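First up is the structure itself, then whatever we jot down about it.
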Amino acid sequence: MKATVFYSRAAIPGHLKTLHTNSLLVKRAFKSSCVQPYACIVPTFVATYSTVMPPILRKDVVEPYKEKLEKLMQEKRVDTLDELKQHYKENIVRLRQSNKLAPLSFKKPGDYHAAANIPKIPKEKAIKTLSSYVDTEKLSQHKEIRDIELIWRARHAHDPFSLCAMLDVETFERMRANARKYPMFILPLPRDLNAVEADETTTGGTEMQFVQWAFPENNTTHCLLTSLLEYKLHTEFARPHTTLIFHSELSKSRGVVLLNGTVEKGMGVSPADAQFLVLTLQKFYNSDPKGIIEPYEREKALRRRMLLDLFKSGAGFDMKDLIREAEMAD
């Protein structure tokens, strides 16, 4: 019997069968193959630009002030602009010394360490913990676990692109242990030819989804779901269509773990698709053959663990076996 119940305003059609994580560092982006070629182009462009562009002609600067300058030359009784500039030389020097007419200057890269006071974002604010969504202390005071579940569901009910769930600690610990051992995997997402939400999904066949796990802190676990095609094209720059966050702040005091997920709009995956992927994710990451006595259940857990092992090793992994196992009813 499953202790996990997933909720979404979009129901899963009965005929279906299936965080950089953190922001990327500039240094990491600069090392990527799609950025490196431009490192050589930029200096070349600057040099070419400086060489090709003609200097600003003096008449282009003087022309807008021609009448005023001629009037001023008559008042000072001089014949050329050089004589006029020489006449005001002392005034110009005095203004520059008083910083009212100081020339433009640019700081060296090293000077910005002292000048720039950039506030650092506290870690607790950078990572979405349970307290980012609800009052954790008040939530933990509810006597009935059912009340905690209802409050968590109500917190996400207004957003049709939001997923939420409550897991028991034993289920979550199995999933997290497998996630640490197998931080990457793929899941099949069937595309129904008669999909109801045709404007949000690609129809026909099976589309593979790439799974990535991350553990930013003790009580927070991230799971990112990206289409395999997107990941192949952009690797670490790939944008996830679904982000899942597991919050285990209440695991010791109340024996439950809360999950919330966000489905990005316009990325070809509907909330129903994402909900199905989460259920399929649980099939593989909640499998543990240890301690299972019943032969059929043990064999099923061994098959799923073997698929995780084969994908991690990169040898002997068969997509057909994965799809067949994902389509099997528990």
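Quick caveat, the model's predicted, so the values are computed rather than measured. Heavy-atom basis, side chains included; hydrogens, waters and symmetry copies ignored.
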> Between E249 (side chain) and L130 (backbone), is there a donor-acceptor pair under 3.5 Å?
Replying inline: yes
>> Tell me the closest heavy-atom pair linking T242 and A274, and the distance in Å.
In response: OG1-CB, 3.6 Å
> Excluding sequence neighbours, so at least two apart, what forms salt bridge (Lys or Arg N to Asp or Glu O under 4.0 Å) with E297?
Replying inline: K300
>> Please list all pairs meeting salt bridge (Lys or Arg N to Asp or Glu O under 4.0 Å) that have one or both residues in residues 310-320, counting only residues at least two apart or in different chains.
In response: none
> Is there any ring pair (Phe, Tyr, Trp, His ring centres under 6.0 Å) pair reaching into residues 308-330, and which pairs are they, with sequence neighbours excluded?
Replying inline: F185-F311, F311-F317
>> Can you list everything that forms a side-chain hydrogen bond (donor to acceptor under 3.5 Å, both in side chains) with E70? Sequence neighbours excluded, please.
In response: none
> Does M184 reach the side chain of V211, with side-chain heavy atoms less than 4.5 Å apart?
Replying inline: no
> With F215, which residues qualify under ring pair (Phe, Tyr, Trp, His ring centres under 6.0 Å), at least two apart?
Replying inline: none
> Excluding sequence neighbours, so at least two apart, what forms side-chain hydrogen bond (donor to acceptor under 3.5 Å, both in side chains) with D321?
Replying inline: R324
> So, the side chain of T220 versus the backbone of P216: is there a donor-acceptor pair under 3.5 Å, distance only?
Replying inline: no
>> Taking CD in E75 as the centre, count heavy atoms belonging to other residues, nucleotides or ligands within less than 6.0 Å. Is the count above 12?
In response: yes
>> Determine whether a donor-acceptor pair (N or O, by modelled atom type, separation under 3.5 Å) exists between the side chain of S162 and the backbone of D159.
In response: no
>> Main chain of R146, side chain of E144: is a donor-acceptor contact present, judged purely on distance under 3.5 Å?
In response: no
> Sequence neighbours excluded, which residues qualify as side-chain hydrogen bond (donor to acceptor under 3.5 Å, both in side chains) partners of R180?
Replying inline: none
>> Using a 3.5 Å distance criterion without hydrogens, assess whether the side chain of K283 forms a donor-acceptor pair with backbone atoms of A326.
In response: yes
>> Tell me every residue that passes side-chain hydrogen bond (donor to acceptor under 3.5 Å, both in side chains) with T235, counting only those two or more places apart in sequence or in another chain.
In response: none
>> Tell me whether W152 contacts the main-chain N or O of L259 through its side chain, where contact means a donor paired with an acceptor under 3.5 Å.
In response: yes
>> Run R305 and D288 through side chain to side chain contact (heavy atoms under 4.5 Å, CB included) and show every step you take.
In response: CA-CA 7 Å; R305 177 61 64 88; D288 186 1; 3.8 Å; yes
>> Run the side chain to side chain contact (heavy atoms under 4.5 Å, CB included) test on I186 and L228 for me, step by step, so that the C-alpha distance in whole Å, both residues' side-chain angles and the decisive distance to 0.1 Å come before the verdict.
In response: CA-CA 8 Å; I186 56 174; L228 187 59; 4.2 Å; yes
>> Run the salt bridge (Lys or Arg N to Asp or Glu O under 4.0 Å) test against D147 and tell me which residues pass, sequence neighbours left out.
In response: none
> Between R239 and E230, is there a side-chain N and carboxylate O pair less than 4.0 Å apart?
Replying inline: no
> Going by heavy atoms in the side chains, are L250 and L258 under 4.5 Å from each other?
Replying inline: yes
>> Contact between L225 and Q212 at the side-chain level, heavy atoms closer than 4.5 Å - yes or no?
In response: no
> Any side-chain heavy atom of I323 sitting closer than 4.5 Å to one from M208?
Replying inline: yes
> What closest approach, in Å, do P271 and L163 show between heavy atoms, and which atom pair accounts for it?
Replying inline: O-CD2, 4.0 Å
>> Taking the side chain as everything from C-beta on, heavy atoms only, tell me whether F284 gets closer than 4.5 Å to Y182.
In response: no
> Quick one: salt bridge (Lys or Arg N to Asp or Glu O under 4.0 Å) partners of R304, sequence neighbours excluded?
Replying inline: E325, D330
> F246: what forms a ring pair (Phe, Tyr, Trp, His ring centres under 6.0 Å) with it, not counting sequence neighbours?
Replying inline: F172, W213
> Does R174 come within less than 4.0 Å of E170, counting only side-chain N to carboxylate O?
Replying inline: no
>> Hydrogens and angles aside, do D273 and H241 bring a side-chain donor and acceptor to less than 3.5 Å of each other?
In response: no
> Quick one: does N260's side chain have a donor or acceptor within less than 3.5 Å of a partner on L244's backbone?
Replying inline: no
> What distance do T171 atom OG1 and M166 atom CE have between them, rounded to the nearest 0.5 Å?
Replying inline: 11.0 Å
>> Just to verify, what does F210 make a ring pair (Phe, Tyr, Trp, His ring centres under 6.0 Å) with, not counting sequence neighbours?
In response: Y231
> Shortest non-hydrogen contact from C223 to L281?
Replying inline: SG-CD2, 3.9 Å
